[in-house]
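Notes follow once the structure below has been shown.
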Amino acid sequence: MQKRLIHRRLTIFLQIILVAEVVAAIWQQQWMAMVLTIGILLITLAPLLISRFFRVFIPPEFVLLAIIFVFASLFLGEVRDYYTRYWWWDIALHTCSGFLLGIVGFLLVHVMNEVEDINLHMRPGFVAFFAFLFAVAIGALWEIFEFAMDTLFGMNMQKPMLGDPSGLTDTMWDLIVDTLGALVISILGYRYVRTGKNESFLERWIQDFVKGNPNMFNRDE
């Protein structure tokens, strides 16, 4: 309960910063920054809406991590221009996205594997492999999206890096760290499915997700 309260307060604190940024953007008549920040604020509310409308319990640690990622990537990265000011910012965030997408992919296939109505019985190795491929695939689709935005609308999503103005180095490092992050999550997830232990942060989150959603796993506790 104490941890959940801390996570909720941190989430509200980040959302207050976004609201203040919206007010500042209106005051300074920076309409593009205002629209982008409002969009970011709405994204941070997505976990709450999902949990209420779909009646799905999402571990507060994962919610906070997802909101921090959105705050760092869209607000600090795009609005505050951290991508240009700090060359390593994009690499760090793509590493985190590999973790997050790996967790989402693992939970997705783990739910399908446990629900009796779906009638799937996948081996632990395949569950982990799916989580890995899911994260890598979404990372690759994002790079295609960045390329399309730069090509069609003249944006600068694929930024120069390490002396390469073409954006190719940026893209390759994004894919590499996405893959490494997904690999770490896949290994931890495989160990959880194989042994049932909850020693790492991922395994504890999985346990919390399972206990908080007994209807998904045909459990009464």
Side-chain angles (χ1 to χ4, degrees), residues 36 39-40 42-44 46-47 50 58 62-79 81-113 120 122-193 200-202 205-206 209:
L36 182 58
I40 297 170
L42 293 176
I43 292 174
T44 64
I50 291 173
I58 304 175
F62 185 73
V63 173
L64 179 60
L65 184 59
I67 290 177
I68 290 175
F69 176 78
V70 171
F71 184 86
S73 60
L74 296 181
F75 178 68
L76 295 180
E78 296 293 344
V79 177
D81 203 27
Y82 274 34
Y83 289 128
T84 302
R85 294 165 62 182
Y86 307 106
W87 66 268
W88 49 267
W89 192 256
D90 191 40
I91 293 178
L93 289 177
H94 272 275
T95 303
C96 293
S97 71
F99 288 133
L100 289 171
L101 291 172
I103 294 171
V104 171
F106 183 86
L107 288 177
L108 176 64
V109 72
H110 186 56
V111 168
M112 292 190 297
N113 202 36
L120 284 178
M122 292 170 282
R123 295 179 180 273
F126 183 81
V127 174
F129 187 56
F130 177 89
F132 173 77
L133 292 183
F134 178 86
V136 173
I138 297 299
L141 289 175
W142 177 258
E143 295 304 318
I144 294 174
F145 172 76
E146 287 188 348
F147 175 77
M149 292 297 101
D150 290 353
T151 302
L152 298 177
F153 300 104
M155 300 179 67
N156 187 33
M157 299 188 72
Q158 294 178 300
K159 295 176 174 57
M161 177 183 287
L162 302 177
D164 178 15
S166 69
L168 177 60
T169 300
D170 173 53
T171 298
M172 292 310 301
W173 272 112
D174 289 347
L175 292 174
I176 289 171
V177 296
D178 280 341
T179 302
L180 291 176
L183 180 62
V184 171
I185 294 299
S186 298
I187 293 173
L188 294 176
Y190 174 80
R191 191 176 69 169
Y192 167 77
V193 177
S200 71
F201 71 94
L202 174 62
W205 290 0
I206 294 172
F209 184 82

[X] to [Y] - nearest heavy-atom pair and separation:
X	Y	value
E143	Q158	O-NE2, 4.1 Å
V136	A182	CG2-CB, 4.3 Å
L93	Y83	CD1-OH, 3.5 Å
W89	A72	NE1-O, 3.1 Å
F69	C96	CD1-CB, 4.0 Å
A131	G102	CB-O, 3.6 Å

Should the ring pair F129 and F132 be called parallel, tilted or perpendicular, given that the plane angle runs from 0 to 90° and is split at 30 and 60? parallel
Does the plane of the ring in Y82 sit parallel, tilted or perpendicular to the ring in Y86? Use 30° and 60° as the thresholds. perpendicular
Counting only heavy atoms from other residues, nucleotides and ligands, does the tally under 6.0 Å from CH2 of W173 exceed 12? no
T151: side-chain contact (heavy atoms from CB on, under 4.5 Å) partners, not counting sequence neighbours: F147
Only counting residues at least two apart or in another chain, list the ones meeting side-chain contact (heavy atoms from CB on, under 4.5 Å) with I68. L14, L64
What's the spacing between [X] [atom1] and [Y] [atom2] if we round to 0.5 Å?
X	Y	atom1	atom2	result
L183	L188	CG	CG	9.5 Å
T169	D174	OG1	CG	10.5 Å
T95	L100	OG1	CG	11.0 Å
D170	I91	CG	CD1	8.0 Å
L180	I185	CG	CD1	12.0 Å

With a 4.5 Å heavy-atom cut-off, do M172 and M161 have their side chains touching? no
So do the side chains of F71 and T44 get within less than 4.5 Å of each other, counting heavy atoms only? no
Only counting residues at least two apart or in another chain, list the ones meeting side chain to side chain donor-acceptor pair (under 3.5 Å) with S97. D178
Might you work through the side chain to side chain contact (heavy atoms under 4.5 Å, CB included) test for F106 and V127, ending with a clear yes or no? CA-CA 7 Å; F106 183 86; V127 174; 3.5 Å; yes
